[in-house]
Amino acid sequence: MKRAFAIAALVLAVACTPPAPRNTGVYLLLDTSGTYRDELQKAEDVILYTLSRLEPADSLAVARIDTGSFSEKDIIAKTTFDERPSTANAQKRAFAQRIQEFVRSSNAASHTDITGGLLQAIEFLNEKNSGRKTILIFADVEQDLAEGYVRDLPLEFRGFEVVALNVVKLRSDNQDPREYLGRLEAWRAQVEKGGGEWRVVNDLDRLDGIL
């Protein structure tokens, strides 16, 4: 009898467990520093591609990386797409328009706070409770913090995929490739230490496996 009650309780618990969310959340960090600003047109193309891949109930945010990126003020555009396809398509058009305006008028940032941007991305996607969480970093991944900014802290990436896109090589990287490889290795180690997955995609014609 006790066994029967136990089985019944287990079946009831499974039946009452809410299904895991199946929507996708994407947060794209956009480097706007002087060394990277010429790449913004490519970033706009990536964002348009991302918009084409997302579906109703998915979420998307694009934020700039600047001197202090742990701030909602750096979010250029954000939305969760409506369940109605016609409304979702209108949201995508408005989102694309906002990104185009930003690319045409943005000013170069004096510093690059990548860690602050990642913190903001984690907070945003966790609040959205997305089933699949992807952070795209469109940058040369060289962090350049202004004086007084503290970013030496662990980041929780469990359940996240972090993808570095279009990681251009700096002039110093050509002189010593170890600097370029070292930057990538440092970010890979930090993401994986936090329980996340790390990838680098420099060929922007091969984005189909990201989303």
S.K.: State, to 0.1 Å, how close Lys128 and Ser59 come at their nearest heavy-atom pair, and which atoms those are.
M.R.: CD-OG, 3.8 Å
S.K.: Out of curiosity, Thr50 OG1 to Leu207 CG, how far, rounded to the nearest 0.5 Å?
M.R.: 7.5 Å
S.K.: Nearest 0.5 Å please: distance from the OG1 atom of Thr115 over to the CG atom of Asp152.
M.R.: 9.0 Å
S.K.: Assess whether a salt bridge exists between Glu192 and Arg188, defined as any Lys/Arg side-chain N lying under 4.0 Å from an Asp/Glu carboxylate O.
M.R.: yes
S.K.: Which heavy-atom pair separates Tyr180 from Asp173 by the least distance, and what is that distance?
M.R.: N-OD1, 3.3 Å
S.K.: For Thr24, does its backbone N or O pair with a side-chain atom of Asp58 as donor and acceptor, under 3.5 Å?
M.R.: yes
S.K.: According to the ring-ring contact (aromatic ring centres under 6.0 Å, His included) rule, which pairs have a member within residues 122-148, sequence neighbours left out?
M.R.: Tyr27-Phe124, Tyr36-Phe138
S.K.: What distance separates Ile135 CD1 from Ile122 CD1, expressed to the nearest 0.5 Å?
M.R.: 5.0 Å
S.K.: Same cluster or not: Tyr149 versus Leu153, using hydrophobic residues (I, L, V, M, F, W, Y) connected whenever any side-chain heavy atoms lie under 4.5 Å apart?
M.R.: no
S.K.: Do Phe95 and Leu54 touch side chain to side chain, with heavy atoms closer than 4.5 Å?
M.R.: no
S.K.: Using the rule that two of Ile, Leu, Val, Met, Phe, Trp, Tyr join whenever any of their side-chain heavy atoms come within less than 4.5 Å, decide whether Phe102 and Ile47 are in one cluster.
M.R.: yes
S.K.: For the hydrophobic clusters of this structure (ILVMFWY residues joined by side-chain heavy atoms under 4.5 Å, transitively), does one cluster hold both Val103 and Leu165?
M.R.: yes
S.K.: Heavy-atom distance under 4.5 Å between the side chains of Thr134 and Leu125, does that happen here?
M.R.: no
S.K.: Do Val200 and Val163 have side chains that get closer than 4.5 Å, going by heavy atoms?
M.R.: no
S.K.: What's the shortest heavy-atom distance between Ser106 and Leu40, and which atoms?
M.R.: OG-CD1, 3.3 Å
S.K.: Could you grab the distance from atom CG of Asn202 to atom CG of Leu184, nearest 0.5 Å is fine?
M.R.: 7.5 Å
S.K.: Are the side chains of Asp74 and Gln120 in touch, meaning some heavy atoms are under 4.5 Å apart?
M.R.: no
S.K.: Please indicate whether Glu72 has more than 12 foreign heavy atoms, meaning atoms of other residues, nucleotides or ligands, lying under 6.0 Å from its CD.
M.R.: no
S.K.: Is the shortest heavy-atom distance from the side chain of Asn166 to the side chain of Leu204 under 4.5 Å?
M.R.: yes
S.K.: Are Leu51 and Val201 connected, step by step, through hydrophobic side chains (Ile, Leu, Val, Met, Phe, Trp, Tyr) whose heavy atoms are closer than 4.5 Å?
M.R.: yes
S.K.: What's the shortest heavy-atom distance between Ile99 and Ala77, and which atoms?
M.R.: CD1-CB, 4.3 Å
S.K.: List the steps and the verdict of salt bridge (charged side-chain N to carboxylate O under 4.0 Å, His left out) for Glu39 and Lys42.
M.R.: CA-CA 5 Å; Glu39 304 295 318; Lys42 294 180 184 178; 3.2 Å; yes
S.K.: Assess whether side-chain contact (heavy atoms from CB on, under 4.5 Å) is satisfied between Asn126 and Phe160, documenting all intermediate values.
M.R.: CA-CA 10 Å; Asn126 281 337; Phe160 286 80; 3.5 Å; yes
S.K.: How many angstroms lie between CG in Leu29 and CD1 in Ile114, if you round to the nearest 0.5 Å?
M.R.: 8.5 Å
S.K.: Check whether any side-chain N or O of Thr79 sits under 3.5 Å from a backbone N or O of Phe81 as a donor-acceptor pair, and report yes or no.
M.R.: no
S.K.: Membership question, hydrophobic clusters at under 4.5 Å side-chain separation (ILVMFWY): are Leu119 and Ile75 in the same one?
M.R.: yes
S.K.: Counting heavy atoms not belonging to Asp203, are there more than 12 under 6.0 Å from its CG?
M.R.: yes
S.K.: Using every non-hydrogen atom in the two residues, find where Ser130 and Asn23 come nearest and quote the distance to one decimal.
M.R.: CA-OD1, 3.6 Å
S.K.: With a 3.5 Å cut-off and no angle check, do the side chains of Gln143 and Thr112 form a donor-acceptor pair?
M.R.: no
S.K.: Is there side-chain contact between Leu28 and Leu30, with at least one heavy-atom pair below 4.5 Å?
M.R.: yes
S.K.: Working note: His111 + Asp66, criterion side-chain contact (heavy atoms from CB on, under 4.5 Å); need CA distance, chi angles, decisive distance, verdict.
M.R.: CA-CA 6 Å; His111 294 84; Asp66 63 4; over 6 Å; no
S.K.: Indicate yes or no: at least one non-hydrogen side-chain atom of Leu145 is less than 4.5 angstrom from one of Asp113.
M.R.: yes
S.K.: Grab the two heavy atoms, one from Glu142 and one from Leu170, that are nearest each other, plus how far apart they are.
M.R.: OE1-CD1, 3.0 Å
S.K.: Would you call Arg199 and Glu161 a salt bridge, using N to O less than 4.0 angstrom?
M.R.: yes
S.K.: What I want to find out is whether Arg104 reaches Glu44 closely enough, with some N-O distance under 4.0 Å, to be called a salt bridge.
M.R.: yes
S.K.: Looking at Arg206, I'd like to know if its CZ atom is crowded, meaning that more than 12 non-hydrogen atoms belonging to other residues, nucleotides or ligands lie closer than 6.0 Å.
M.R.: no
S.K.: To the nearest 0.5 Å, what is the distance between CZ on Arg183 and NZ on Lys169?
M.R.: 9.5 Å
S.K.: Sub-3.5 Å donor-acceptor pair from the side chain of Gln91 to the main-chain atoms of Asp82, do we have one?
M.R.: yes
S.K.: Is the closest side-chain donor-acceptor distance between Thr32 and Arg64 under 3.5 Å?
M.R.: yes
S.K.: Using side-chain heavy atoms (C-beta onward) and a distance below 4.5 Å, is Ile137 in contact with Leu118?
M.R.: yes
